[in-house]
2 protein chains.
Amino acid sequence: MTKREEIIQIGARLFSKRGYAATSMRDLAREVGMEPASLYNHIKSKQDILDDCLMMLAQLYADSMQKASELDLSALQKLERVIHDQIDISLTHPTKVSLIPAEWVHLEKSKQQFIGIRNHYEEGFKQLLLQSIAEGDIRKVNIELTTFSILSTLRWLHNWYDVEGQLSIDELKNELTQNLIEGIST
Amino acid sequence: MTKREEIIQIGARLFSKRGYAATSMRDLAREVGMEPASLYNHIKSKQDILDDCLMMLAQLYADSMQKASELDLSALQKLERVIHDQIDISLTHPTKVSLIPAEWVHLEKSKQQFIGIRNHYEEGFKQLLLQSIAEGDIRKVNIELTTFSILSTLRWLHNWYDVEGQLSIDELKNELTQNLIEGIST
DNA sequence: CCTACCGATCGGTAGG
DNA sequence: CCTACCGATCGGTAGG
């Protein structure tokens, strides 16, 4: 891991714990183990760290939706894929994912791009739901409400899973996917 | 509305938009229409505003659970009550509710009390699920996962509802409650 | 409710 | 990667 990656990882942890605005570069330097001024040999700015965290995740979500759309599967199976991918992303990058709900507002240059990717993802999700209804695999649910409900649950996963030692990742995937899908299946 | 209430309401709106730490008392004073120093004739501190917002909500949630528990109803009906109450609270105090996920960490004196009330509420929710299973009204679901899934959806509601002009409040209550409960009913 | 102001801390730069 | 430092801004107080 490069020093830059280490700084970004520790930064994500601090941002996650105290919030972006309330974390100072002095706090970060202390945790990394260097003087505040030295951080700037590895990163351009505080904003640079947030940017790196959130845009990296945005890319993962976009890739997930893109790949799923290209598969030769039913819409419901594609839906299960993107749900599994979201669970994987949440468990692989929990601290970065925890920044999404609250800290994306502090993005500057990348903010519009981030919003664009997020909207595109949600649009793709709704399309998969619509298709699944058309294919007869799920009931005629309210698309907006169901999308919002499923994505809310997935967005909050990082806050919940690490507190719980009961379920393995695969059990979680199965239980959670079933929980989210079964309620709307035909 | 007293001046204090006005300051707190505008404060909640700014905290909600930019975050607690990133909102300055100068920003707030400008929006309220007075000099920064004058705010302190109505509030004790910046923290005082956050405290007021979050503890007021905590009280509403606690009251909701308390009242539901005293009713002569099935556990499932009690569950529907607290879900309805949460929807009401989210729609009545959307900006204050939006502070919960990210800004409770900035509480100081009240933080432990806030966490206590939240944990007590979640415990009550799980108990209602358990009882509903015992009473044969819902399937033998994973309690932790189902609690987390329902509460996540409700917690995110404020972010979603105002963007949507389709559903009336009562339609929302019915559709959402059905969506949350139906998937786990027997 | 305002003017005037305080010490502390902020993100970041210069220069080596 | 460090020492030394900058201008800006912060939450809040004194005194009227």
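Side chains included, hydrogens not; waters and symmetry mates left out as well; all remaining heavy atoms used. Computed from a prediction, not measured in an experiment: that's the story for all the values here. Every chain is numbered from 1, with letters handed out A, B, ... down the list of sequences.
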Contacts table for residues 65-72 of chain A: side-chain donor-acceptor under 3.5 angstrom, sequence neighbours left out:
from   : atom 1 : to     : atom 2 : distance (Å)
Q66(A) : NE2    : E70(A) : OE2    : 2.9
S69(A) : OG     : Q66(A) : O      : 2.6

Taking the hydrophobic residues Ile, Leu, Val, Met, Phe, Trp and Tyr, and joining any pair whose side-chain heavy atoms are under 4.5 Å apart, which ones share a cluster with M1(B)? none

Enumerate the side chain to side chain donor-acceptor pair (under 3.5 Å) contacts for residues 33-50 of chain B, please, sequence neighbours excluded, ordered by first and then second residue. R4(B)-D48(B), Y20(B)-Q47(B), Q47(B)-E108(B)

Any pair counted as side chain to side chain donor-acceptor pair (under 3.5 Å), so long as it reaches residues 113-125 of chain A, sequence neighbours left out: Q86(A)-Y121(A)

[X] has an atom [atom1]; how far is it from atom [atom2] of [N], in whole Å?
{"X": "M34(B)", "N": "dC2(C)", "atom1": "CE", "atom2": "P", "result": "7 Å"}
{"X": "R18(B)", "N": "dC10(D)", "atom1": "CZ", "atom2": "C1'", "result": "15 Å"}
{"X": "R4(A)", "N": "dC1(D)", "atom1": "CZ", "atom2": "P", "result": "14 Å"}
{"X": "E6(B)", "N": "dC1(C)", "atom1": "CD", "atom2": "P", "result": "9 Å"}
{"X": "L39(A)", "N": "dC10(C)", "atom1": "CG", "atom2": "C1'", "result": "14 Å"}

Salt bridge (Lys or Arg N to Asp or Glu O under 4.0 Å) partners of residues 17-32 of chain B, not counting sequence neighbours, each pair once: R13(B)-E31(B), R18(B)-D27(B), D27(B)-R30(B)

Enumerate the salt bridge (Lys or Arg N to Asp or Glu O under 4.0 Å) contacts for residues 166-186 of chain B, please, sequence neighbours excluded, ordered by first and then second residue. R139(A)-E182(B), D88(B)-K173(B)

Per-nt protein contacts along nucleotides 11-16 of chain C (heavy atom under 4.0 Å; B base, S backbone sugar-phosphate only, - none) come out as BBB---

I need the S152(B) OG to L157(B) CG distance, nearest 0.5 Å. 12.5 Å

If the condition is side chain to side chain donor-acceptor pair (under 3.5 Å), which residues does S74(A) pass it with, not counting sequence neighbours? Q77(A)

Under 3.5 Å for both pairing distances: what stems, at least three Watson-Crick or G-U pairs long, include DNA chain C? C:1-16 with D:1-16

